Amino acid sequence: MKTLVIGSGAREHAIAWALSRRGPGGAKGGRASERRERVFCAPGNAGTEGIARNLALDPEDPKAVVSACAELGIGLVVIGPEGPLAAGLADALAASGIPAFGPGRKAAALEASKSFARSFSERHGVPCARTERFSSLAALDRYLDENRGRRVVLKKSGLAAGKGVLESDDRAELRGFGEAVLAADDLLAEEYLVGRELSVFALCDGRDWALLPACADHKKAGPGDTGPNTGGMGAVCPLPFADAGVMERITRDIVAPSFAGMEEEGLSYRGVLFFGVMLTAEGPRLLEYNVRFGDPETQSLLPLLASDLGSLCESAALGRLASARPAFSAEVACGVVVAAPGYPAHYPKGLAVDLGLAEGSAGAGQPEIDVDGIPGPEALLFHASTARDPAGQLRTGGGRCFTAVGLGPDWPTARDRAYDLAGEVRFEGAWYRRDIGTRIFGS
Ligand code: AMP
Ligand code: GLY
């Protein structure tokens, strides 16, 4: 079957890589030329070029995607980012009879509107931080006066690529942020929650769902979780503190009531639902829903998947998840994001990249991978929005340029492999956090 991956990030590179591991009829691996005939990316990047065929399509143009699918005989579309989902791509594909992994526009509002998501979780008894909504500066001023000196979290209601949130106790900073958001969108304020944060993913086929191992992202730019919020600077999987008891509690309090609520409201959800969860002293609290896989979590999660990703996504898209349960290897994964200078504020694009020994990792030069995990790769480099210029020089195209993933039987091995690989990625001003996973696994 031919599969199309929508997106151009490192998450989509990881998805395309996982999809390309099996050939027709479930055969393992396959020559690069064969893989490129069954996995397509729109638009993809210089990394996906080696394992898939890139299509120059606008992912937020549902008509263009549908007609490319019809032309190429695509049997499944896996939608990576939230933008195309919020633009109704899954609805357009469904209307044309093309199976899609990703929810329709109505359910995508769980991410595209934090205001809608909060009302939904309140309606269905999903525990969250205490939340207030504002549409005027006067109301925000009153709230800030009442909460003077207290740490609070302000959030833009609409999509913001991980940058629509400010945690602060500085009234002037909060007011400035709130004023800028209110000029274009609704604003939410939440009590500041303290605890361990984790990313929980569940595949869903509209009725049945299956939980995947929990991951931890590192949202802050600086060491020790300091500095501004980013889209995520690294992720680890699995988490030693997310034991069976913790996952049962999260399932009972958050995951199950969310899916029950969706069924009740007729939101047929086919894809992956991402629960951002804070484990507080009072129990787990939902921070947010995302209607897609996490980035960078996916880059650490998918290399551990021992089942075939294509079959799982197809089962979710076709309402047959009950017959396809995901299995994972017992390895540990550490993913380190290599970012552009200045990210998450202003950063240059088009920087020339030298990959050194990392050239070919998760690309055309990658050796055949045994899907059952033996012997799996030791490290994988996933590209985000990279491109080759006419002279063949690899160039950056975004803020979070690469994710270097290390895999191993234990934490120190996975971490060392990730950092050895990240160190091979060279471009002017390249930087990464040196402490990914440290708070979770110890040094
Ligand atoms: P969100 O986009 O809602 O996930 O927020 C981005 C990040 O801000 C989260 O991953 C948390 O690290 C942090 N955050 C969001 N809401 C809260 C909250 N109520 N209390 C503490 N931290 C929060
Ligand atoms: N890593 C957080 C996100 O994908 O939203």
Side-chain angles (χ1 to χ4, degrees), residues 7 9-12 14-15 79-83 85-86 108 110-118 121 126-132 147 150-169 174 177 181 185 187-201 212 214-222 224-237 254 272-282 284-302 335-337 339 344 382 384 399-400 403 433 436 439:
R11 166 184 51 205
E12 286 75 31
I15 292 171
I79 305 170
E82 59 279 15
L85 293 164
L110 286 172
E111 175 167 359
S113 166
K114 285 189 193 286
S115 183
F116 170 79
R118 218 25 128 225
S121 24
V126 178
C128 311
R130 260 192 313 278
T131 306
E132 305 221 11
N147 288 281
R150 220 174 269 157
R151 195 165 183 79
V152 296
V153 186
L154 292 186
K155 298 186 176 182
K156 176 183 181 338
S157 178
L159 295 178
K163 289 178 222 152
V165 174
L166 175 70
E167 302 147 46
S168 177
D169 54 11
L174 289 163
F177 177 89
V181 170
D185 201 346
L187 179 72
L188 287 80
E190 291 181 4
E191 69 175 311
Y192 181 75
L193 297 176
V194 178
R196 281 183 184 270
E197 189 177 340
L198 38 76
S199 303
V200 176
F201 300 95
L212 307 181
C215 305
D217 189 4
H218 293 59
K219 291 263 168 68
K220 299 283 197 277
D225 298 328
T226 55
N229 262 323
T230 69
M233 296 307 301
V236 296
C237 181
I254 294 177
V272 59
L273 187 60
F274 167 167
F275 304 83
V277 174
M278 189 77 90
L279 292 179
T280 74
E282 286 77 44
R285 298 285 179 271
L286 177 74
L287 292 175
E288 62 166 350
Y289 294 113
N290 292 311
V291 295
R292 48 163 178 88
F293 276 120
D295 184 349
E297 290 93 329
T298 305
Q299 296 89 299
S300 294
L301 179 68
L302 290 186
V336 176
V337 169
F382 295 117
R400 294 186 296 156
T403 309
R433 271 184 63 169
I436 300 301
R439 283 212 173 164

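These figures come from a predicted structure and were not determined experimentally. When a ligand or atom number is given, it counts from 1 through the structure's own listing order.
In the vicinity of Glu191, heavy-atom distances shorter than 4.0 Å reach the ligand 1 atoms 18 (C), 19 (N), 20 (N). Annotation for ligand 1: atoms under 4.0 Å from non-hydrogen atoms of Glu167 are 8 (O), 13 (C). The contact set between ligand 1 and Ala129, taken as ligand atoms under 4.0 Å from a residue heavy atom, comprises 19 (N). In summary, the atoms of ligand 1 found under 4.0 Å from a heavy atom of Lys219, numbered by their order in the structure, are 9 (C), 10 (O).
Protein residues having a heavy atom under 4.0 Å from any atom of ligand 2 are Asp217, Lys219, Gly231, Phe274, Asn290, Arg292, Gly294, Asp295, Pro296, Glu297, listed by chain and number.
For the pair Arg11 and Phe293, the cation-pi test (distance below 6.0 Å, angle within 45°) is failed.
No N or O atom of Tyr192 sits closer than 3.5 Å to an N or O atom of ligand 1. At a 3.5 angstrom cut-off on N or O pairs, Glu190 counts as close to ligand 1.
Taking Glu288 as the reference, Lys114, Lys219, Asn290 meet the side chain to side chain contact (heavy atoms under 4.5 Å, CB included) condition, with sequence neighbours excluded.
Contact record, Ala10 with Gln299: CB-NE2, 3.3 Å, taken as the closest heavy-atom pair.
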Requested in this report: Run the numbers on Asp185 and Lys155 for salt bridge (charged side-chain N to carboxylate O under 4.0 Å, His left out), then give the verdict.
Outcome: CA-CA 10 Å; Asp185 201 346; Lys155 298 186 176 182; over 6 Å; no

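Put simply, part of Met278 is less than 4.0 Å from ligand 1, judged by heavy atoms.
Considering CG of Leu286 and OG of Ser121, their distance stands at 5.5 Å, rounded to 0.5 Å. A distance of 12.0 Å separates CZ in Arg118 from CZ in Arg130, rounded to the nearest 0.5 Å. Here SG of Cys237 is found 12.0 Å from CG of Asp217. Values are rounded to the nearest 0.5 Å. A distance of 12.0 Å separates NZ in Lys156 from OG in Ser115, rounded to the nearest 0.5 Å.
Only the side chain of Val165 comes within 4.0 Å of ligand 1, judged by heavy-atom distances.
Under the 4.5 Å side-chain criterion, counting only non-hydrogen atoms from C-beta, Phe275 is in contact with Tyr289.
For Glu167 and Lys220, the salt-bridge test passes: some basic side-chain N is under 4.0 Å from an acidic carboxylate O.
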